[in-house]
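See below for the structure under consideration.
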Amino acid sequence: MGKFTYISDLKKYIGEEVEIRGWTYNKRSSGKVRFVIVRDGSGFLQCVMAKGQIDDSYFDLFDELTLETSTIVRGKVREDQRAPGGVELDLSYIKIVGPSENFPIPKVREDNIPDPGVLLPIRHLWLRTRRQWAIMRIRHTIEKAIHDFYDSLGFIRIDSPILTPAACEGTTTLFETDYFGEKAYLSQSGQLYQEATCMAHGKTYCFGPTFRAEKSKTRRHLMEFWMVEPEIAYAELPDVMENAEGLITYIVEKVLENRQEELKILERDISKLEKVKKPFPRISYTEAIELLQKKGFNIKWGDDFGGDEETALSEEFDRPVIVHRYPSRIKAFYMKRDPENPELALAMDILAPEGYGEIVGGSQREDDLEKLLERIKEFNLPQEAFEWYLDLRRYGSVPHGGYGLGLERTVAWICGLKHVRETIPFPRMLEKIYP
RNA sequence: UCCCCGGUAGCUCAACAGGUAGAGCACCUGGCUGUUAACCAGGGGGUUGGGGGUUCGAAACCCUCCCGGGGAGCCA
């Protein structure tokens with residue numbers, strides 16, 4: 001491959017001659033002084049050349065450096081106050097690696113961002129643009145923060161299967177596939193399997209894609225999305241809430257620590273993220289209903305929250321809000337009922353601020369065999385498919401709980417994006433699976 | 001499946017009340033020795049989503065179909 005330098009490391013090479021390998025991101029000219037913005041994946045760099053100070057054969061290559069032409073350049077690194085990244089490169093050498101004619105995405109201008117109908121079919125190229133670059137790097141940092149957080153607490157990552165024999169929750173529509181003549185489904189949650197693994201390791205989590213075949217066409221939905229699902233043996237509802245709160249604050253902290261440049265590209269209001277500190281407010285479902293009624297919503301106890309209600313609730317707080325103890329009949333069969341009020345489930349959701357909606361859903365699980373059997377009957381679920389799950393209550397059952405955090409909604413919130421489709425490299429949307 | 005909004009140049013959008021389809025960006029030509037979404041001058045580029053209708057005249061009004069968007073339901 002040979003030796004070359006990444007733009008992100010250039011501050012270490014001020015005054016030195018370096019080689020950069022990348023792509024032409026933009027260019028400007030003032031006649032005898034020409035500017036080429038090169039990106040190399042690690043960052044963006046303005047390269048400068050003046051007529052007479054570089055060989056004419058290189059100077060003239062400027063015309064061929066159309067958008068996204070891949071190029072190798074060499075030059076001396078110079079500190080410069082005028083440069084956004086603090087450094088520029090005085091060019092002495094240019095080589096075109098691969099030409100690029102009529103790149104389909106126009107030069108970055110805020111008043112000229114093509115709409116998703118245009119960009120989604122060229123997602124493979126869209127990913128090269130600055131905003132998308134920033135989003136993917138923040139996504140990476142969030143994923144890393146998730147792993148680091150659990151690892152630091154002694155969790156073991158054990159991934160759940162993606163091909164499953166039956167519905168985990170039996171409610172949402174699943175993608176069906178043929179498994180050697182048997183029906184199998186793409187997983188909509190790894191949770192049930194985590195309940196098994198946490199009984200082996202105490203604290204586990206899985207992190208992978210999940211699939212919902214719902215005909216959802218909104219800014220908050222994808223057919224394929226990533227979810228992290230921790231499960232903790234001997235945990236009760238307050239422990240679950242505390243762990244989720246810790247995860248979210250850790251994620252925000254790491255993004256603020258490592259992704260300032262990217263947040264700036266996205267024009268994210270950092271002050272909103274800086275407020276995300278422990279403790280998060282905790283309100284009961286019943287309190288939330290009262291609050292919404294006071295705000296004029298036509299909602300009664302027993303109803304689930306819609307998008308507008310979630311937004312209204314989150315607007316009451318400057319950080320994520322934990323809503324707990326929902327009516328058990330609007331929650332999943334495996335959630336333990338509140339011993340103080342059997343109409344309630346020991347469940348909790350976390351709503352992100354600024355109207356980003358539910359990013360976490362979790363609960364303490366039903367650990368009593370008889371009660372769980374009743375629930376399976378109530379929900380008309382096939383008991384034989386859950387025998388293995390019931391075994392967890394037959395052999396040393398303990399209180400336990402966990403939650404799922406939706407990666408894409410979290411990325412959308414932290415990046416301040418309107419739509420989750422920009423938070424995943426290749427979004428799978430309703431009737432859209434290309435590229 | 002239902003409700004709402006939209007479809008005009010490659011992209012983003014104008015075109016008032018029905019009267020000759022326009023701007024910015026992209027692209028091409030020329031100019032400029034410090035540009036940062038560079039700028040200045042010029043140029044090419046259109047079956048106004050398709051079909052039908054009303055009218056002297058339709059991008060605009062009506063009907064219909066197609067496509068796109070985001071909201072409901074469900075959820076992360």
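Lettering follows sequence order; numbering is per chain, from 1.
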Just by distance, do the side chain of Ser160(A) and the backbone of Gly190(A) share a donor-acceptor pair under 3.5 Å?
yes
Gap between atoms [atom1] and [atom2], on [X] and [N] respectively (whole Å):
| X | N | atom1 | atom2 | result |
| --- | --- | --- | --- | --- |
| Leu125(A) | G10(B) | CG | P | 19 Å |
| Leu351(A) | C75(B) | CG | P | 14 Å |
| Glu309(A) | C75(B) | CD | P | 14 Å |
| Glu68(A) | A26(B) | CD | C1' | 14 Å |
| Asp63(A) | C27(B) | CG | P | 12 Å |
| Lys418(A) | G70(B) | NZ | P | 9 Å |
| Leu430(A) | U1(B) | CG | C1' | 12 Å |
| Ile105(A) | G10(B) | CD1 | P | 17 Å |

Please check if the distance between the ring centroids of [X] and [Y] is under 6.0 Å.
| X | Y | value |
| --- | --- | --- |
| Tyr93(A) | Tyr58(A) | yes |
| Tyr334(A) | Phe379(A) | no |
| Tyr285(A) | His324(A) | no |

Where is the tightest heavy-atom contact between Arg220(A) and Gly307(A), given as atom of each residue plus distance?
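It is NH2-CA, 4.5 Å.
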On a whole-Å scale, what distance lies between the [atom1] atoms belonging to [N] and [M]?
| N | M | atom1 | result |
| --- | --- | --- | --- |
| U12(B) | G50(B) | C1' | 24 Å |
| C3(B) | G24(B) | C1' | 35 Å |
| C61(B) | C75(B) | P | 41 Å |
| C11(B) | A26(B) | C1' | 7 Å |
| C16(B) | A58(B) | P | 16 Å |
| A37(B) | C25(B) | C1' | 9 Å |
| U54(B) | C63(B) | P | 15 Å |
| U33(B) | A15(B) | P | 41 Å |

For the pair Phe155(A) and Tyr150(A), name the ring-plane relationship: parallel under 30°, tilted 30 to 60°, perpendicular over 60°.
tilted
Stems involving RNA chain B, each a run of at least 3 consecutive Watson-Crick or G-U pairs under 3.5 Å
B:1-7 with B:66-72, B:10-13 with B:22-25, B:27-31 with B:39-43, B:49-53 with B:61-65
Is Glu366(A) paired with Arg337(A) through a side-chain N to carboxylate O contact shorter than 4.0 Å?
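No, this pair does not count.
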Strictly below 4.0 Å, N to O, side chains only: are Lys377(A) and Glu374(A) in salt-bridge contact?
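No, this pair does not count.
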Apply ring-ring contact (aromatic ring centres under 6.0 Å, His included) to Tyr205(A) and Tyr403(A), showing your working.
CA-CA 10 Å; Tyr205(A) 71 104; Tyr403(A) 58 90; over 10 Å; no
Ignoring hydrogens and geometry beyond distance, is the side chain of Ser216(A) in donor-acceptor contact with the base of C74(B) at under 3.5 Å?
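Between C74(B) and Ser216(A), which were checked side chain against base, a qualifying N/O pair under 3.5 Å is present.
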Looking for any heavy atom pair under 4.0 Å, which part of the strands does Arg219(A) touch: base, sugar-phosphate only, or nothing?
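Counting heavy atoms under 4.0 Å across all strands, the contact made by Arg219(A) is with sugar-phosphate only.
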Identify whether any heavy atom of Val420(A) sits under 4.0 Å from a base atom; if not, whether one sits that close to sugar-phosphate; answer base, sugar-phosphate or nothing.
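It contacts nothing in the nucleic acid.
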Does Arg131(A) make a side-chain N or O approach to OP1 or OP2 of A37(B) shorter than 4.0 Å?
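Looking at the OP1 and OP2 atoms of A37(B), neither is under 4.0 Å from any side-chain N or O of Arg131(A).
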Quick one: which of Glu274(A), Glu262(A), Glu354(A) gives a salt bridge (charged side-chain N to carboxylate O under 4.0 Å, His left out) with Arg268(A)?
Glu354(A)
Between Leu67(A) and Ile359(A), whichever has its closest RNA chain B nucleotide further toward 5' is Leu67(A)
On RNA chain B, nearest-nucleotide positions of Lys27(A) versus Gly406(A): which is more 5'?
Lys27(A)
Does NZ or CZ of Arg123(A) lie under 6.0 Å from the centre of the six-membered ring of Trp126(A), at an angle within 45° of the ring axis?
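Ring-cation test returns yes.
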Using the salt bridge (Lys or Arg N to Asp or Glu O under 4.0 Å) rule, take Glu68(A) and Arg39(A) through it: C-alpha gap first, then chi angles, then the decisive distance, then the call.
CA-CA 9 Å; Glu68(A) 288 305 315; Arg39(A) 57 164 196 89; 2.7 Å; yes
The test is side-chain contact (heavy atoms from CB on, under 4.5 Å); show your working for Lys95(A) and Thr71(A) and say whether it passes.
CA-CA 6 Å; Lys95(A) 181 187 168 192; Thr71(A) 180; 5.6 Å; no
Under a 4.0 Å heavy-atom criterion, the protein footprint on nucleotides 30-35 of chain B, written with B, S and -, is --BBBB
Just the table, please: protein N/O against nucleotides 67-69 of chain B N/O, every pair under 3.5 Å.
| from | atom 1 | to | atom 2 | distance (Å) |
| --- | --- | --- | --- | --- |
| G69(B) | OP1 | Lys432(A) | NZ | 3.1 |
| G69(B) | OP2 | Lys432(A) | NZ | 3.2 |

